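Take a look at the structure below.
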Amino acid sequence: MTDSLNIQIRPVTPPDVPAISALAREIWQAAYPGIITQDQIDFMLEQRYGHERLYDDLEDAYKWLDQAFLDGRRVGFSFSEIYRDEFKLDKLYIHPDVQRRGIGGQLIEHVAARARKMGYPCVILAVNKRNAKAIGSYQKYGFVVRESIVDDIGRGFVMDDFVMEKKL
Ligand SMILES: CC(C)(COP(=O)(O)OP(=O)(O)OC[C@H]1O[C@@H](n2cnc3c(N)ncnc32)[C@H](O)[C@@H]1OP(=O)(O)O)[C@@H](O)C(=O)NCCC(=O)NCCS
């Protein structure tokens, strides 16, 4: 139930970058051991959540960075983007203390509303095949598996993912 929760969704701005980077590390360290190696976690955090990378993302006209606050505390974020002519939910992360309270669902709806407004027929995402909790959450919000991919992300690491889509 989310009715009684005081959740606010706001765009990420440059002064938020250090906090988003730190929050990503905290959530990834709780979520990904057992799914990918620590080396891959460190590599991907640096690649995707380094401060310079986040400042660049904020400058990109085809990317949207949203953050969620619960009772004023920053608890999660979602990044979305236009990717190969489709609307993609690129990142969705909620702090472990407050998972399963509907905040991820609210961010998904926020992103879906943006895609709908822009006229896209669906939202897509990629999720690690071993990330059963996230896959369950995406299914709950109307995503279905569209394809299976293995992406080389450099330094010998791959992303072994399902691409899922939610029709709008
Ligand atoms: C996946 C994630 C974004 C979902 O956000 P959330 O706020 O927890 O999700 P919601 O409360 O809106 O939806 C809850 C649904 O997610 C799934 N889920 C979330 N946490 C779960 C858990 N600990 N165990 C099992 N299912 C879980 C379930 O399907 C659940 O539905 P249910 O409670 O009716 O069974 C969040 O759990 C998260 O950040 N996980 C760790 C990082 C991650 O894997 N991100 C996705 C990367 S692609």
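Both counts, for ligands and for their atoms, begin at 1 and track the order of listing. Quantities reported herein were computed from a predicted structural model and do not represent experimental measurements.
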Would Asp42 and Arg25 count as a salt bridge (charged side-chain N to carboxylate O under 4.0 Å, His left out) if you check the C-alpha gap in whole Å, the side-chain angles of each, and the deciding distance to 0.1 Å?
-> CA-CA 9 Å; Asp42 292 338; Arg25 176 165 287 280; 3.6 Å; yes
Check: Leu92 N/O within less than 3.5 Å of ligand 1 N/O = yes
Taking the six-membered ring of Phe69 as reference, does the NZ or CZ atom of Arg10 fall below 6.0 Å from its centre and within a 45° cone about the axis?
-> yes
Within a distance under 4.0 Å of any heavy atom of Ala134, pick out the atoms of ligand 1 and give their elements.
-> 1 (C), 44 (O), 46 (C)
Taking both backbone and side-chain atoms of Gly104, is any N or O found less than 3.5 Å from an N or O belonging to ligand 1?
-> yes
If the plane angle is over 60° it's perpendicular, under 30° parallel, otherwise tilted; pick one for Phe157 and Phe43.
-> tilted
Glu46 atom CD, neighbour heavy-atom count above 12 within 6.0 Å | no
Is there a nitrogen or oxygen of Gly102 sitting under 3.5 Å from a nitrogen or oxygen of ligand 1?
-> yes
Answer side chain, backbone, both or neither: which part of Gln139 comes under 4.0 Å from ligand 1, heavy atoms only.
-> neither
Taking the inter-plane angle between the rings of Tyr55 and His51 on a 0 to 90° scale, is it parallel (under 30°), tilted (30 to 60°) or perpendicular (over 60°)?
-> perpendicular
Mode of Asn131 contact toward ligand 1 - side chain, backbone, both, neither (heavy atoms, under 4.0 Å) | side chain
Heavy atoms of other groups near Glu59 CD, more than 12 under 6.0 Å | no
Any N or O of Gly105 closer than 3.5 Å to N or O of ligand 1 = yes
Between Ser137, Ala24, Pro96, flag the one that comes closest to atom 4 (C) of ligand 1 by a heavy atom.
-> Ser137
For ligand 1, note which part of Trp28 has a heavy atom under 4.0 Å away: side chain, backbone, both or neither.
-> neither
Shortest heavy-atom approach to atom 8 (O) of ligand 1 - which of Gln106, Lys133, Arg100 | Arg100
Mind checking whether Gln99 contacts ligand 1 via backbone (N, CA, C, O), side chain (CB onward), both or neither, at a 4.0 Å heavy-atom cut-off?
-> both
Is Ala31 touching ligand 1 with its side chain, its backbone, both, or neither, if touching means heavy atoms under 4.0 Å apart?
-> side chain
With atom 42 (C) of ligand 1 as the reference point, say which of Tyr138, Phe77, Tyr93, Tyr32 has the nearest heavy atom.
-> Tyr93
Step by step, work out the side chain to side chain donor-acceptor pair (under 3.5 Å) result for Gln8 and Gln67.
-> CA-CA 8 Å; Gln8 268 200 317; Gln67 55 186 336; over 6 Å; no
Minimum side-chain heavy-atom gap Leu70-Arg101 below 4.5 Å = yes
